[in-house]
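Here the structure comes first, spelled out in structure tokens, and everything after it is commentary.
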Amino acid sequence: MEDTIIVIMLKNKNTGFLEKELASLDITENADYIVNIFAADEEEGRKLHIKLSTKKDVADWEYSAIYDYYDTDCFNGLGQVIDADDDYNPVWEVVIDYDDDIAVLEEKTAEILAAHKKEIEDVFETIKDKESEYKDGE
């Protein structure tokens with residue numbers, strides 16, 4: 001698998017505009033789960049925001065089922081999960097402290113991606129036979 005280089009931009013919290021490049025991360029696995037990534041200066045210091053999704057489009061019934069079964073506790077000790085923007089596919093936003101040491105950021109990001117991949121794969125396995133339960137409620 002090829003590495004993916006992801007550029008981290010600093011987002012202005014007032015305007016929402018990306019202002020400058022801070023760093024590039026070399027992600028070796030699971031980069032396709034990342035919807036977007038950016039840094040922002042906040043009251044508690046600079047934070048890295050990582051938005052994660054399913055890496056594939058999901059059916060309407062899967063959307064609800066995924067949120068019902070996805071356990072954000074998979075990120076305990078890794079980062080804070082905040083409500084993400086509603087999107088066509090489920091999205092989770094994980095926020096961690098930004099570190100100027102790129103190796104540290106790459107390691108933390110890899111841990112978050114691995115935890116998310118395991119959880120989303122478990123969820124898809126759990127819901128694979130639940131389509132009728134979710135469609136009956138429509």
Side-chain angles (χ1 to χ4, degrees):
M1 176 178 270
E2 276 189 37
D3 290 4
T4 302
I5 304 298
I6 297 179
V7 176
I8 299 174
M9 300 291 292
L10 180 63
K11 184 176 184 179
N12 182 306
K13 71 177 192 174
N14 296 322
T15 65
F17 292 122
L18 300 175
E19 295 184 327
K20 69 177 184 175
E21 181 178 330
L22 296 177
S24 295
L25 299 182
D26 186 356
I27 305 296
T28 57
E29 295 181 272
N30 306 318
D32 42 355
Y33 288 105
I34 296 175
V35 175
N36 70 37
I37 188 169
F38 63 89
D41 289 328
E42 301 174 10
E43 291 177 20
E44 309 83 26
R46 187 166 284 173
K47 302 290 183 180
L48 184 67
H49 295 252
I50 307 168
K51 289 187 178 184
L52 305 168
S53 191
T54 56
K55 89 173 182 180
K56 64 179 183 178
D57 289 340
V58 300
D60 289 346
W61 73 269
E62 288 176 307
Y63 186 94
S64 298
I66 289 167
Y67 275 126
D68 285 349
Y69 286 92
Y70 192 98
D71 187 359
T72 57
D73 286 348
C74 69
F75 299 116
N76 284 351
L78 298 176
Q80 175 191 4
V81 179
I82 61 173
D83 289 335
D85 301 325
D86 283 332
D87 199 7
Y88 180 76
N89 291 314
V91 175
W92 299 267
E93 186 170 353
V94 181
V95 180
I96 62 173
D97 291 333
Y98 184 86
D99 195 308
D100 289 324
D101 184 338
I102 300 309
V104 170
L105 277 185
E106 287 174 346
E107 182 179 333
K108 288 180 179 180
T109 302
E111 290 173 2
I112 289 166
L113 289 170
H116 174 68
K117 177 185 179 191
K118 181 183 181 321
E119 183 64 21
I120 202 71
E121 286 176 347
D122 289 350
V123 167
F124 276 120
E125 182 63 26
T126 300
I127 69 170
K128 70 180 179 186
D129 298 324
K130 298 192 180 299
E131 181 174 0
S132 62
E133 292 175 36
Y134 281 87
K135 282 194 166 183
D136 288 345
E138 291 180 356

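Atom NZ in Lys51 sits 6.0 Å away from atom CZ in Phe38 (nearest 0.5 Å). The structure places CD of Glu111 at 9.0 Å from CD1 of Ile96, a figure rounded to the nearest 0.5 Å. Between the CG atom in Asn89 and the NZ atom in Lys55 there is a gap of 13.0 Å [rounded to 0.5 Å]. A distance of 6.0 Å separates CD1 of Ile102 from CG of Leu25, quoted to the nearest 0.5 Å. Annotation: the span from Asp71 atom CG to Asp122 atom CG amounts to 10.5 Å, rounded to 0.5 Å. Here the CD1 atom belonging to Ile8 is positioned 11.5 Å from the CG atom belonging to Asn36, to the nearest 0.5 angstrom.
At distances below 3.5 Å, at least one donor-acceptor pair connects side-chain atoms of Ser53 with backbone N or O atoms of Pro90. Using a distance-only test at 3.5 Å, with no hydrogens or angles considered, no donor-acceptor pair links the side chain of Asp73 to the main chain of Asn76. Side chain of Glu131 to main chain of Trp61: no donor-acceptor pair is present (N/O by atom type, distance under 3.5 Å, no hydrogens or angles). Judged by distance alone, the side chain of Glu106 and the main-chain N or O of Asp26 form a donor-acceptor pair under 3.5 Å.
Under the 4.5 Å side-chain criterion, counting only non-hydrogen atoms from C-beta, Arg46 is in contact with Leu22. Side-chain contact between Leu18 and Leu10: absent, with no pair of heavy atoms (C-beta onward) separated by less than 4.5 Å. Using a 4.5 Å heavy-atom threshold, the side chains of Val91 and Leu52 count as separate. Residues Phe75 and His116 meet the side-chain proximity criterion, which asks for heavy atoms closer than 4.5 Å.
A pairwise comparison of heavy atoms in Gly16 and Lys11 identifies O-CE, 3.4 Å as the closest pair. Residues Gly79 and Val94 share a closest heavy-atom pair of CA-CG1, 4.0 Å. Minimum interatomic distance between Glu21 and Val7 (heavy atoms only, all atoms of both residues): CG-CG1, 3.5 Å. In this structure, Lys13 and Asp41 approach most closely via the heavy-atom pair CD-O, 3.4 Å. Contact between Asn30 and Leu113 at its shortest, heavy atoms only, is O-CD2, 3.6 Å. The minimum heavy-atom distance linking Asp97 with Leu105 is given by the pair O-CD2, 4.1 Å.
Counted by atom type alone, Glu42 and His49 present one or more donor-acceptor pairs between their side chains at under 3.5 Å. One side chain, Asp68 or Tyr134, offers a donor N or O that lies under 3.5 Å from an acceptor on the other.
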For a side-chain contact (heavy atoms from CB on, under 4.5 Å) check, start with the C-alpha distance between Ile37 and Leu48, then their side-chain angles and the critical distance, and finish with the verdict. CA-CA 7 Å; Ile37 188 169; Leu48 184 67; 3.8 Å; yes
Going through the checks in order, is the side-chain contact (heavy atoms from CB on, under 4.5 Å) test met by Asp57 and Tyr63? CA-CA 9 Å; Asp57 289 340; Tyr63 186 94; over 6 Å; no
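At a threshold of 4.5 Å between side-chain heavy atoms, the hydrophobic network of Ile, Leu, Val, Met, Phe, Trp and Tyr places Tyr69 and Ile66 in one connected group. Each of Ile27 and Val95 belongs to its own hydrophobic cluster when Ile, Leu, Val, Met, Phe, Trp and Tyr are linked at side-chain heavy-atom distances under 4.5 angstrom. Under a hydrophobic clustering in which Ile, Leu, Val, Met, Phe, Trp and Tyr are joined whenever their side-chain heavy atoms come within less than 4.5 Å, directly or via other members, Tyr67 and Val123 fall into the same cluster.
Taking the six-membered ring for Trp and the full ring otherwise, the centers of Tyr33 and Trp92 sit at least 6.0 Å from each other.
With a 6.0 Å cutoff to the six-membered ring centre and a 45° limit on the axis angle, Lys47 does not count as a cation-pi contact of Tyr98.
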